[in-house]
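Notes to accompany the following structure.
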Amino acid sequence: MKNCKYCGAELEDEALTCPACGKAVEDEAPVEAAEAAEAAAPETPAEPESPKKKTSRAAVTGLILVALLAVAVVVGKGAYDRNQSAQPDSAVTDSTETAEPGDSAETGDSAETATSTASDPVTAEEQAANAALHNNAYGYRSYSLNFSTDEAGDVTYSYLNQDQVTVTLTPEQVEAMMDTVVATAGSLSLTNRELLYYYDQQFYSFYSAYSSILPYMMNTSQALDEQLDPQGLGTWQQVFLDASLQGFVQTAALYDAAQAAGFTLDEAAQASLDNLETDLDAMAQQYGYSDAAAYLADYFGPAADLESYRQFLTVAQIASGYANTLAMEPTFTDEELSAYFDENAESILASYGVEKIDKNVVNVRHILIQPEDTESDESWAEAEAEAQRIYDEWLAGDATEESFTELASEYTQDPGSQSTGGLYEDVYPGQMVTEFNDWCFADERAVGDSGIVKTSYGYHIMYFSGVGNTVYWKTFAEDLLRSERFSETLTALTDAVTQETHSALCVLLDRTPQSVPVTETETEETPDASADGSAAAETDDQAD
């Protein structure tokens, strides 16, 4: 068993989404823009504290549906807000400088006859159908309505148009817009009110998956309709909007398939829906809100309400629960796994560094002692002496795994295993640096073996804890095969469902302050820089 990192609920080992909160166990996101930004970001030096090699396995163990079905969990709001206030000025970049408006490539809208680029002018016909749709001060198409609430609770909705003139819409207009259907798929319809949840889901999934490089990808304190994605394909808002509409279609396809198959939620998932209002009320009070309705309205925008959020969660949990069932259905023989791995061995090695080595995973403990100066022979000698001293101390005592664990907790300089007494479980061939790896997988290695190993990170006092039951390359091949089979199934279900999307009718609510382009004669200070040089966090909400 394992626990959901978002709500803490217990999960089966093979679970891909949490049955309690609906959040994906392995989060994915719109990856093309992320990969482009990751390639463009300054290279992050490998952390010297850990013996692990860089691995991309997490990118494939979670099936591709998680980007589309990861239910927005409002408890994640606190993490986002903390990140907003902690961003250093030097890390924030303005993505609007990555491409000129006229250079934007087309962004897809699969069910419409024409696609829109970031700089396409909004037509009179589009404006008549959707009073919120406009070209903003940057010249980009925008679906955003900025909202603010006064002390009396009255809400004002407005946007800054291309001429930098503020246009205000009435609450009655906006309320009608929220009930406008912007997409249909199978038996389901998507209104702008429900779109708020799908859009937030896409942003938060992306934020969770790429938080470490997010400052190099976007300015998180600037509205997403005011900056282009790293590929220059469109605004970040358009990227997440397209993903939201696609996510709805795939969710609907899975939902209808689940209904046809007679699928029902398990007790834990049903209980989470039944107790939604009570749980949200408790969470709201924790964050200083009067009740669940006030919490949702502040988090997603004034148009959000408990009824529509519950419906969103219900559909998403049924779809994701059935997706898990479909994903776990295929079974593969050792012969099938071997043939698949052999066929893809070159690409698997190049992409993930995994080789076909017939050795079981192992469990190992270590105590890492690092030299203060890796360029100094004296520092290396001091680290070696300290490692030998600790090893001798262990040998002079009980020399058990328990006593090794205690010493690891006290002395190791590896933060990745300090809290576990130096333990790394299910280590597979090639996962660790060469010398560490060779010691772990040496022939005749037995439980209780110990020794000292030198790597580029320092000196490792080793203890061999045990051998696991799985051969990693088989597990990895099975993960890839399941992902491919599920992808094929999802594509077939999605292609078979009747669908229609109308992005030009979409409306998004955004509390992020509106801004205008900085001219060459003005200061080049980033728009989120405050007087004290720290990044401003003027809003408690995620940027739309």
Side-chain angles (χ1 to χ4, degrees), residues 1-28 62-76 183 185-191 193-205 208 243-244 246-280 283 292 295-296 299-300 304-329 486 489-490 493-494 497:
M1 299 288 287
K2 54 187 176 181
N3 294 91
C4 174
K5 66 181 181 180
Y6 300 100
C7 70
E10 289 190 351
L11 306 173
E12 298 295 334
D13 290 337
E14 68 275 9
L16 298 175
T17 58
C18 174
C21 70
K23 188 70 175 175
V25 176
E26 295 282 354
D27 259 329
E28 284 298 308
L63 301 181
I64 61 170
L65 83 156
V66 295
L68 308 168
L69 302 180
V71 177
V73 179
V74 291
V75 73
S187 66
L188 299 182
S189 297
L190 177 70
T191 65
R193 198 182 312 275
E194 295 158 338
L195 176 64
L196 299 176
Y197 311 134
Y198 281 91
Y199 186 87
D200 183 86
Q201 161 207 313
Q202 288 299 327
F203 179 87
Y204 185 66
S205 295
S208 299
S244 300
Q246 181 187 12
F248 162 72
V249 171
Q250 294 192 340
T251 299
L254 285 165
Y255 175 83
D256 282 357
Q259 297 294 92
F263 175 83
T264 57
L265 293 174
D266 61 27
E267 291 184 4
Q270 187 59 54
S272 72
L273 293 172
D274 294 340
N275 299 325
L276 179 63
E277 184 172 6
T278 300
D279 292 343
L280 282 179
M283 191 180 300
Y295 187 27
L296 291 173
Y299 185 77
F300 294 109
D305 57 42
L306 186 63
E307 180 181 355
S308 60
Y309 188 59
R310 188 195 306 277
Q311 176 63 19
F312 165 71
L313 287 178
T314 300
V315 169
Q317 288 209 35
I318 290 174
S320 62
Y322 186 62
N324 282 334
T325 299
L326 292 177
M328 299 311 297
E329 279 182 354
F486 178 80
T489 300
L490 182 59
L493 289 175
T494 304
V497 72

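- Considering only heavy atoms from C-beta on, Leu326 stays 4.5 Å or farther from Leu490 through its side chain.
- Remark: Arg310 CZ to Leu296 CG distance equals 10.5 Å, nearest 0.5 Å.
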Show the numbers, then the answer: is there a side chain to side chain donor-acceptor pair (under 3.5 Å) between Tyr255 and Ser187? CA-CA 9 Å; Tyr255 175 83; Ser187 66; 6.0 Å; no
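- Using modelled atom types, one side-chain atom of Glu194 and one backbone atom of Thr191 make a donor-acceptor pair closer than 3.5 Å.
- Listed by chain and residue number, nothing satisfies the side chain to side chain contact (heavy atoms under 4.5 Å, CB included) test with Thr264 (two or more places apart in sequence, or in another chain).
- At least one donor-acceptor pair closer than 3.5 Å links the side chain of Ser272 to the backbone N or O of Ala269.
- Phe486 CZ to Thr489 OG1: the interatomic distance, rounded to the nearest 0.5 Å, is 7.0 Å.
- When side chains are defined from C-beta on, Ile318 counts as touching Gln259, because their heavy atoms get closer than 4.5 Å.
- Distance CG/Leu196 to OG/Ser308: 8.0 Å, rounded to 0.5 Å.
- Contacts of Asn275 classified as side chain to side chain donor-acceptor pair (under 3.5 Å), with partners at least two apart in sequence or in another chain: none.
- Ring geometry for Tyr309 against Phe300 counts as tilted: the plane angle lies between 30° and 60°, on a 0 to 90° scale.
- To the nearest 0.5 Å, atom CD of residue Gln202 and atom CG of residue Leu195 are 10.5 Å apart.
- Residues Leu280 and Ala292 come closest through the heavy atom pair CB-CB, 3.5 Å.
- At a threshold of 4.5 Å between non-hydrogen side-chain atoms, the residues Val497 and Leu493 do not count as touching.
- Smallest separation of non-hydrogen atoms from Arg193 and Asp305: CD-OD2, 3.7 Å.
- Side chain of Thr325 to main chain of Gly321: a donor-acceptor pair is present (N/O by atom type, distance under 3.5 Å, no hydrogens or angles).
- In terms of heavy-atom proximity, Ser189 sits nearest to Phe248 at C-CZ, 3.9 Å.
- Going from atom CG of Leu265 over to atom CD of Gln317 covers 6.0 Å, rounded to the nearest 0.5 Å.
- Taking the six-membered ring for Trp and the full ring otherwise, the centers of Tyr198 and Phe312 sit less than 6.0 Å from each other.
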